[in-house]
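FYI, side chains are in, hydrogens and waters are out, and symmetry mates aren't considered; it's all heavy atoms of this structure. Lettering follows sequence order; numbering is per chain, from 1.
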Amino acid sequence: MSGAMNEDWQENARMIVDSARAVVPADGNLDRIRKARFHGSGFDRDVMRQAAELGWLLMRVKEDSGGLGLGMRETCALMELLGGGLVPEPVLSSIMAASLLQEALPEAALAGEAVIVTAWQDRTGAQDWRGGSAGGRLLGQKLNVPGAAGADLFAVITGDGIAVVPRDANGLTVAGEETLDGGRTGLLTFNGVEVDFLPCDRVERVLQDARLAHSAYLLGLSERALAITLDYLRVRKQFDRPIGSFQSLQHRATEMKIRLELARAAIYATARRFDTGADDRTCSRDAARCKLRAADLAMLVAREAVQMHGAMGITDEADIGLYVRKAMTEANLFGGPRQQRATLAALLDQEDAA
Amino acid sequence: MSGAMNEDWQENARMIVDSARAVVPADGNLDRIRKARFHGSGFDRDVMRQAAELGWLLMRVKEDSGGLGLGMRETCALMELLGGGLVPEPVLSSIMAASLLQEALPEAALAGEAVIVTAWQDRTGAQDWRGGSAGGRLLGQKLNVPGAAGADLFAVITGDGIAVVPRDANGLTVAGEETLDGGRTGLLTFNGVEVDFLPCDRVERVLQDARLAHSAYLLGLSERALAITLDYLRVRKQFDRPIGSFQSLQHRATEMKIRLELARAAIYATARRFDTGADDRTCSRDAARCKLRAADLAMLVAREAVQMHGAMGITDEADIGLYVRKAMTEANLFGGPRQQRATLAALLDQEDAA
Amino acid sequence: MISLPDYNAMNDADFRQTVRSFVEENYPDIPRHALSRLHWEEVKPWYLILSEHGWICPTWPRENGGMGLNAGKHLILIEEFERYGCARVNDIGPVMLGPLLLKYGTEAQKAYFLPNILSGDHIWAQGYSEPGAGSDLAAVRCEAVLDGGEWVINGQKTWTTLGMDANWIFILVRTDKTVKKQAGISFLLVPMDAPGVTIRNILNLELEAEFCEVFFDDVRVPADHILGEVNQGWTAAKALLGHERVFIGAPRLSASAMSRLKRIARRAGVWEDPVFRDRYVALQCDVMDLTDLFETYVDKLRGGEDIGADVAMLKIFQSELYQRISDLMMEVAEEESGLRLPPEADRQLHAAATYLSARPTTIFGGSTEVMRNVLAKAVLDLPS
Amino acid sequence: MISLPDYNAMNDADFRQTVRSFVEENYPDIPRHALSRLHWEEVKPWYLILSEHGWICPTWPRENGGMGLNAGKHLILIEEFERYGCARVNDIGPVMLGPLLLKYGTEAQKAYFLPNILSGDHIWAQGYSEPGAGSDLAAVRCEAVLDGGEWVINGQKTWTTLGMDANWIFILVRTDKTVKKQAGISFLLVPMDAPGVTIRNILNLELEAEFCEVFFDDVRVPADHILGEVNQGWTAAKALLGHERVFIGAPRLSASAMSRLKRIARRAGVWEDPVFRDRYVALQCDVMDLTDLFETYVDKLRGGEDIGADVAMLKIFQSELYQRISDLMMEVAEEESGLRLPPEADRQLHAAATYLSARPTTIFGGSTEVMRNVLAKAVLDLPS
């Protein structure tokens, strides 16, 4: 990678992050986030329109397909910022849809008039995505679809290709459940929905991109949760001293910081490898280890943040609680730590064979 | 268990511990231990004679076989004390032999004139003991025999029964390797040694007893290593304060203490269950968990003791190093943590079936 | 007063059977095995049934209306209640205040308050913590001054568990600011309907109103609403009874979490997975070893031995173990870890519920950090 | 002086190949991939070969007899030496003292000492720590007073790595007891053969004499054997160069330990065991993530950026990771974990050797505890 390329991505990332300030207040204010919880779809359609207008959906669409052709480094920078702000909108899911569909991305989605999300997962606790179709129609289920409750279009990944389905399509039922963070996760049931399938040979890679980008979201979340906790340690007094002066808490805080910086380094180095042409095995392995690192990080920070906040940590009114519940909600998406370790263990055999 | 029985065992244990003071200096002096390292067999035959004279070999021999008929609680109390003093003699191995042989224990061993140890293990990293014989003779190998380098008699456990073999028996080769603690571990190779096999249906149980008693040795070792470390924390100064006043070290020290008391509670409660008639599954399970706990404890204390001693901790001249090297040598005998967890995992199925 | 048999004279097995039958016959139609506390309106029938039978205050002397149970028998009662999944009643009166009244109360206080606790007419809350006095309880600032034969109270308490259900509260107040922290604290008894008392509920991470803040604005109570001597409240506040210090470290939370973990693992299809099992058995050993350690303390209680500061080990290990079990649950539950409501409407399968309910255990009742400080000094004799 | 090409002008791949060829052609018949340090008599051939070729001081300027490598090239050199398993030479002179001489030394000092380091005639040892001054280095008590144009030194140093191989030692001494700790310290250069210098070897846990105590009993050295100004020694002592602070946290120890762990696991028959693999891949991720973090610092070095106090994260994590890998090795090695000598005489299969060699990494070069204190304050801005 040349120095110039390096600067390119940093400049691109800076522009994206700047644009995201429209959605994530720089002062860390979480009023919007708090209010959006447990109402309707759990997210704000206006923000999704803004996301489209800011060009986020085009980030992962190639330039010759009319997109911005940006890389995973820029995507991760965006997701990290959104994670810090606990943004509940299904931005990543829309970006995935656009990345899959490229020039086939529906105009309404591109314009921000319709919210599009990606439905890929065949079953809980596994990364299977080839189900959901039979005999040229959509049949079966897709689970854990983020933002399904407020989406207009679904990009459905199947073994037969990608199908774009409107919410009101005949034979589609959208159900869902509330999540801990105040959002909703969707369950799509297809009863022989007639669709056109768009062939796609990049599904596995788009899922790896998503796994990586989602890790960046968890990184941002953890980073902000740690910052809030450090602030608390500096001001909260017990026994006439700020509790942040107690060595045991200091050492535990440094451990969080180290884990955070490991996550950051792994995620951005992986993004760079993704952007500069890594082979399939490297992509599988590095997406898995970023997700493992980020999920473990988010849960570590959640655990320690609660403990260090003491009684305040277990109230809903303290902002830290929003981070804890979000971490609990998101840590296992795109495969939890158990699955990532299993993926990595399976890769050991390939390594041996190689 | 009645109160009277309870007092009985405590009184018995007290007598045993008192008798062991002949071997383990009350002031914690380790000169004898240090000198015995890396010379000859790595242990002192006179101490084994003393052990016999004090009746230790008879502890696990039934009263109607001329023994003392003491329980595992007394045995654990003895082993805990020996562990605290890092006693290198193969006392447990001799007690095992006596427990297996009962009235068949050779007179010379009983009188302390000959050192007898038990050879049971067929291969490293497993608890198999049925090998070592074929066609009515000893054939094959027994591994990891403690004290083999200085033993006169071997009680060899095989699937065909127990055989007592003198060191100079035709067809027996005794080899061995130095261990980290300065002792030697033995490898017996049998080339068709002619022996009488004594039938024995208690082998599994004697091995469980030994696993438990060995856990008590590790408990004693850990307890003393922690005490030495706490002493050091109280007196060693850095930054004009005793390092034991630093909260981070204090909290880590409390963790060691908690793990130590868990080990003690588990070991003596298990010993009580053994003494008062526990079923086979309870014995397998509880011996395994005591060993798991004790091995993890010993390695935790070793690790933390070195770190808390700073540079002193990595010298051979500080006594703590003797404890570290002993922990490294002994933690995996009678099955390391990996094997114990595997044993416990296998028992889950029985639990489910029950 | 109800006349109860001398339960301590029964053998353990018979007493256990007595308790088991009692629960099976008398437990009302309210939730069992609840993960979070029930409010008074829900749990009231059970309180009143216990009250009717003279079973609401197991440790009080029989002459005061209790069951007079010794520690061993009390443990059996707790075990059987747990086994059946009986809801925990609003027990601050029976468990906390009653014993303190018996020890420090005047005859008039005992005569008035004890029967009201027994009958369920007085439901007590505890007012110790303040926003600036959590782990450092001696830093209380809520103050009371004597004025015309009445205490006038101003200040705030917080983290008052089920305070919204109570009609009385006992509080630590500062009655002398000129002496060192612990020496100027008194222990007052305050009706919640006194003018000037207001409460504000606090939602916890489970989004339930389990505790509240209590504000005191020129609240007046008679001078005799003090427990013990003026400025001697610290002693009473710290007088947690021996067996409570043991029971707070009982393995039951962890043990019941393990059975839920097993169900969640089966549901997730990992019960047979050797990797899962390796971690499961390690936790199972922790629970079993904790149980053995717990029993050594129970044996001490039974034998009438004193319980030392080292008993804090139980609570430290239990609460952290409970959290580690809940961590594994969250991992095993995969995407379902993020659901707000239980899968299949079965709380046992809800990893998040256990995870959240495990959080306060390392914070309340003495935070792990403060307890480790105490252990380091009082038990390990490490320097300050 | 040898005339070397400008290696910085080469592209990285070519330079890497140059180093690789150099090593393959020149490495003498001495051990490769040693787990513990070799003594001078063993490693001397390699030192002299490096010296002959002008490769003994990679970071010194070319005009001073070094290779003049920038950080990026230096890293490549280190990587290739590591890959081949080259023994570490007695490098206190080239790595520690040389750069300090270049920065603080007089022209006369440079003219005398630098060539002797380059030639291997002077082998240096470092004398910082004392029995009462380990983590708290500013507490040094070894003292020097000026007397008749000579420093007279009395006191003791300890943990002097390979001190028994050295013929010169640089030491921190107290030259003013009236000022606060750091302000009264000077940096002296002392020949080991000066009358009054005695050493005592210390066996480490591997039972090897890797370090020693050095005693000074009225040792006299000329007044000009001081580096920098009187009482300004603390500055020099703390002036660890940026890239040394990065390299001390390099993942190489952990990475090579992983390859040994793999071999030990295969030997023990657990390489295919899913339980083992689960733990192995978690450690492998730690190594890979550390490598990514390490690379961000190397990138900074390459870009000429300043390295902040946060670089301590590397060393903290690397050393603890190395120990965690060795913990798993010990568990996997089963009964062989207790052997004094390597199984099959192959050090790679010797879990205990790795375990023991991992112990000092969290103690020397700044203990983990002290580094965490620094991180907490300097990076996390937590209060004192």
Chain A heavy atoms under 4.5 Å from [X]: which part of the residue, side chain, backbone, both or neither?
{"X": "D:T296", "answer": "side chain"}
{"X": "D:Y280", "answer": "side chain"}
{"X": "D:Q284", "answer": "side chain"}
{"X": "D:I316", "answer": "side chain"}
{"X": "D:N373", "answer": "both"}

**Complete:** Looking only at A:L344, A:D286, A:D296, A:L262, most heavy-atom pairs under 4.5 Å shared with chain D are made by A:L262

**Complete:** Scored by heavy-atom pairs under 4.5 Å with chain D, the best of A:A345, A:A269, A:C290, A:P242 is A:A345

Against chain D, label [X] side chain, backbone, both or neither, depending on which of its atoms sit under 4.5 Å from a heavy atom there.
{"X": "A:I258", "result": "both"}
{"X": "A:Q247", "result": "side chain"}
{"X": "A:E255", "result": "both"}
{"X": "A:R273", "result": "side chain"}
{"X": "A:R241", "result": "neither"}

Assess whether atom [atom1] of [X] is packed by more than 12 heavy atoms of other residues, nucleotides or ligands within 6.0 Å.
{"X": "D:D306", "atom1": "CG", "result": "no"}
{"X": "A:D280", "atom1": "CG", "result": "no"}
{"X": "D:M10", "atom1": "CE", "result": "yes"}

Rounded at 0.5 Å granularity, tell me how far [atom1] in [X] sits from [atom2] in [Y].
{"X": "A:R234", "Y": "D:D381", "atom1": "CZ", "atom2": "CG", "answer": "5.0 Å"}
{"X": "A:R285", "Y": "D:M288", "atom1": "CZ", "atom2": "CE", "answer": "5.0 Å"}
{"X": "D:L380", "Y": "A:T229", "atom1": "CG", "atom2": "OG1", "answer": "11.5 Å"}

So do [Y] and [X] actually touch side chain to side chain, heavy atoms under 4.5 Å?
{"X": "D:R277", "Y": "A:L348", "answer": "yes"}
{"X": "D:D292", "Y": "A:R293", "answer": "no"}
{"X": "D:F317", "Y": "A:E261", "answer": "no"}

**Asked** Should the pair D:D286-A:R289 be classified as a salt bridge under the 4.0 Å nitrogen-to-oxygen rule?
**Response** no

**Request:** State, to 0.1 Å, how close D:C285 and A:L292 come at their nearest heavy-atom pair, and which atoms those are.
**Result:**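 D:C285 and A:L292 have their closest heavy atoms at SG-CD2, 3.8 Å.
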
**Message:** Check whether D:E295 reaches the backbone of A:A265 with its side chain - one donor and one acceptor, N or O, closer than 3.5 Å.
**Reply:**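 Between the backbone of A:A265 and the side chain of D:E295 there is no qualifying donor-acceptor contact (under 3.5 Å).
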
**Polar side-chain atom of A:R341 near backbone of D:V281 as donor-acceptor pair, under 3.5 Å** = no

